[in-house]
There are 2 protein chains.
Amino acid sequence: MLQAALKAGTAGRRSVFEVFTRRLPNGRRYGVVAGTGRVLDAVENFRFEPDVLAFLREKNIVDGATLDWLAGYRFSGDIWGYPEGEVYFPGSPILRVEGSFAECVLLETVILSILNHDSAIAAAASRMASAAGDRPLIEMGARRTHELAAVAASRAAYIGGFSSTSDLAAGFRYDIPTVGTSAHAFTLLHDSERDAFRAQVDSLGGGTTLLVDTYDVTEAVRTAVEIAGPELGAVRIDSGDLLLVAHRVRQQLDELGATGTKITVTSDLDEYAIASLAAAPVDAYGVGTQLVTGSGHPTASMVYKLVARAESDDPAAPLVPVAKKSTGGKTSVGGRKWAARRLDAYGVAEAEVVGTGEVPPELAGRQLLVPLAEDGEVLVREPLDVVRDRHAAARAGLPLSATQLSRGEPVIPTEYAPGPSGS
Amino acid sequence: MLQAALKAGTAGRRSVFEVFTRRLPNGRRYGVVAGTGRVLDAVENFRFEPDVLAFLREKNIVDGATLDWLAGYRFSGDIWGYPEGEVYFPGSPILRVEGSFAECVLLETVILSILNHDSAIAAAASRMASAAGDRPLIEMGARRTHELAAVAASRAAYIGGFSSTSDLAAGFRYDIPTVGTSAHAFTLLHDSERDAFRAQVDSLGGGTTLLVDTYDVTEAVRTAVEIAGPELGAVRIDSGDLLLVAHRVRQQLDELGATGTKITVTSDLDEYAIASLAAAPVDAYGVGTQLVTGSGHPTASMVYKLVARAESDDPAAPLVPVAKKSTGGKTSVGGRKWAARRLDAYGVAEAEVVGTGEVPPELAGRQLLVPLAEDGEVLVREPLDVVRDRHAAARAGLPLSATQLSRGEPVIPTEYAPGPSGS
């Protein structure tokens, strides 16, 4: 594409690409924008290194003129988008990239990879966080997804409302609070469960979390309190009927005087399992597989579409809206868009409004797109806590049914404002 | 775990960890071992860099003795496993890692991340390849998964039977054949579809693939053949009822004399959609989302379990088998295992046999585990084509019902051979 556009003289036409999704995953009420910070880093650092250029030359993948152009690549355009952590709906223009066709089209894969992955994880995390209420969620999914996707997943989970991660690489990379875990292997390594607990408490103190389901839970809880004392930090249960076992363990801990000892549960939890444990005496949830696989929806179906481009090769040519003609439901709306969230009289979101013309005055203060990069320079670098808080606030601004776990329609409709003629 | 084991003096106990899955994804007939080559690279390069050690120290995550131990980390143990590309079943010990407890336990996350991800993708790819028969499959999923997971996914897809990838990074990294794609944006950039096709043919020649569904397919096909001549390489259809459209386009191409022009279809294909197009005049399939998300099963549920360890801290102590007591269905079988595939009288696989004692003489020649690393040195580096061919052969050695797409049980049962007493 790039080579043909360079040769045809159209590669330099100013272009506007937008990222959006045509639909939320089946039954979901809202989406969560995540990955924007990673996108901005990736765009700023997007280069073609000499070994890659040599590969493209040796394999005859592109011609010499294209290689020269790639060697000098540096994104010099503008990016606007929804702030990271915001919620989104079908048609929300969550990212808008403007520049020459050539410089923008090359970014499609990296932008979509990041947003599709991270937003899918953050959406699952957000549902789990709603289901968990005030109880903390620990991200424990690193073993269930690609080794580097895992680090991005921890980041997205934190944005969605998780409290910590067991992935030290994510702690290192993104300063997310980390928690250690003890596995059954540690217990099995030792000559007895008692030896294993003693080794752990000797090294980490009584505030540690002991895994109590390697052999017999009741015996393990008794041994754990015997060794660590009633100040034992927590016990973890990783198998069995968690609802029943948690009740039994709570009762036993209380009888042993360990009334402050917490109960952490893990074991293929998802948002539904978490919700079903709401009335159980559980203090924290560890979630792995279902988090890093987006709880059934591992990708967010976002697309990156050309919505406007210069009318001609003249650098001063005005933009014209463009769109693929609808076939098979793949509708796109042409034109550079604004978006705003309309509130009802109580301040609750009532519609996502998207348009291409003037922003109606009553929505001017509710606009969602903010500048993220200008002339290739990134404008926004946010601490993850800011993003996490923004998500919590955005979710709290939706109608109450947003956090129902049952399948349904997007919690607010997307309305297209009438555009100027021709857009 | 590591810190406690170091302090307790148990960290050096010789240990055997095994990777296996308790079940295949719901309804799947076989699994595909993929990622082994990446695991061996990762293990060989597993180190704790100074910045990571500084992080662990600053955050007080581990104590000084543990930091010192981590700073000198280098895996020095042995690895055996199923050759990459082999098929597997519930309980198949696809990888076995032996060494000190400390050096082996640290590898859990990276080993499982890679095998869980890559095997999930390869399994989906293998089903798609069966469904596609002799028609080539193009991997086009980079935009639908994490940016680096995408490169690993291309590799796994190739092992499973795909022919090429649109991900240049995968071509560069793993020497997988690459194919370019043209997007709707390229057509929309130009003043007309005719201009876009002319630009593409001018640059890439008549053998290129033109995307014909941006506006009207019939008109686009006419224009495409007009511009490229009947030697036009291929047309791509990315929307609509592919079965109907492919038939209509084939007829039109033939009427225009472009009898050699191929038809490539894309658009949310999975193995079922591919199978449903078997009778359609389609020459190649491009597959994205459903491939990189494992066609409904994005992770392979593999676990990494301690199955044996030295009886005591004495370096010469014999190994004893260990296993978590079963609760909630999380069964493990203790002891270091062998595995063999038993064939019937026609040479077709009839059972996966797993055991801990002596290998029965009739299975000695059918053993599945091979040495992969010894004293920390990797013994096996295979070209991806060898792995791909091995997978095709392994799949061909299964009963015919292996490649049925309908849900069912694993195509051969896993049998546990009686072990020596105590294992």
Side-chain angles (χ1 to χ4, degrees), chain A residues 1 3-5 7-8 10 13 15 52 55 59 61 101 105 108-110 112-114 116-117 142-150 152 168 171-172 178 182-186 188-190 199-200 202-204 213-215 239-241 267 289 293 298-299 305-306 309 322 324-325 327-328 330, chain B residues 1 3-5 7-8 10 13 15 52 55 59 61 101 105 108-110 112-114 116-117 142-150 152 168 171-172 178 182-186 188-190 199-200 202-204 213-216 239-240 267 289 293 298-299 305-306 309 322 324-325 327-328 330:
Chain A
M1 274 201 282
Q3 177 178 317
K7 186 162 184 201
T10 48
R13 287 186 174 186
S15 297
V52 172
F55 162 77
K59 298 273 176 187
I61 292 174
F101 176 79
V105 79
E108 170 169 4
T109 297
V110 71
L112 287 181
S113 289
I114 294 174
N116 271 323
H117 175 268
R143 292 163 295 174
R144 306 289 175 228
T145 185
H146 179 275
E147 65 274 23
L148 292 171
L168 286 174
F172 171 65
T178 59
S182 178
H184 297 110
F186 182 79
L188 296 170
L189 169 69
H190 292 87
Q200 189 173 332
D202 276 357
S203 172
L204 301 168
D213 71 338
T214 304
Y215 304 107
S239 55
D241 181 328
S267 187
T289 306
T293 58
T299 185
K305 294 293 173 192
L306 182 68
R309 49 112 178 135
V322 295
K324 177 178 186 302
K325 198 182 146 190
T327 52
K330 290 193 175 176
Chain B
M1 274 200 283
Q3 176 177 317
K7 186 163 183 198
T10 48
R13 287 186 174 186
S15 297
V52 172
F55 161 78
K59 299 273 176 185
I61 292 174
F101 175 79
V105 79
E108 170 169 4
T109 297
V110 71
L112 287 180
S113 289
I114 293 174
N116 271 323
H117 175 267
R143 291 164 295 175
R144 306 290 175 227
T145 185
H146 179 275
E147 65 274 23
L148 292 170
L168 287 173
F172 171 66
T178 58
S182 178
H184 297 111
F186 182 78
L188 295 171
L189 169 69
H190 291 87
Q200 189 173 334
D202 277 355
S203 171
L204 302 167
D213 70 338
T214 304
Y215 304 108
D216 177 80
S239 55
S267 187
T289 307
T293 58
T299 184
K305 293 293 173 191
L306 181 69
R309 49 108 178 139
V322 294
K324 177 178 186 302
K325 199 182 147 190
T327 53
K330 291 193 177 176

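Below, read A as the first sequence line, B as the second, and so on, with proteins coming before strands; counting in each chain starts at 1.
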Which atoms of A:Ala152 approach chain B - backbone, side chain, both or neither, heavy atom under 4.5 Å
side chain

In terms of heavy-atom proximity below 4.5 Å to chain B, should A:Thr10 be classed as side chain, backbone, both, or neither?
both

Partner chain A: residue of [options] with the largest heavy-atom pair count (under 4.5 Å):
| options | result |
| --- | --- |
| B:Leu189, B:Val322, B:Leu188, B:Val105 | B:Leu189 |
| B:Lys59, B:Gln3, B:Lys305 | B:Gln3 |
| B:Arg144, B:Lys7, B:Gln200 | B:Arg144 |

Can you find a pair of side-chain heavy atoms, one from A:Leu306 and one from B:His184, that are under 4.5 Å apart?
no

Most contacts with chain B, counted as non-hydrogen pairs under 4.5 angstrom, among A:Ala150, A:Ser182, A:Ala185:
A:Ala185

Under the salt bridge (charged side-chain N to carboxylate O under 4.0 Å, His left out) rule, collect the residues that match up with A:Arg143, sequence neighbours excluded.
B:Glu108

Ignoring hydrogens, what is the shortest heavy-atom contact between A:Phe186 and B:Ala5? Give both atom names and the distance.
CE1-N, 3.8 Å

Heavy-atom closest contact (B:Ala199 atom, A:Ala8 atom, distance)
CB-CB, 3.5 Å

Going from CG on A:Leu204 to CE on B:Met1, what distance comes out if it is rounded to the nearest 0.5 angstrom?
11.0 Å

dist B:Lys325:NZ -> A:Thr214:OG1 (nearest 0.5 Å) comes out at 11.5 Å

Contact origin within [X] toward chain A - heavy atom pairs under 4.5 Å:
| X | value |
| --- | --- |
| B:Thr109 | both |
| B:Ser15 | side chain |
| B:Leu168 | both |

Give a yes or no on whether the backbone of A:His146 and the side-chain of B:Ser113 come within a donor-acceptor separation of less than 3.5 Å.
no

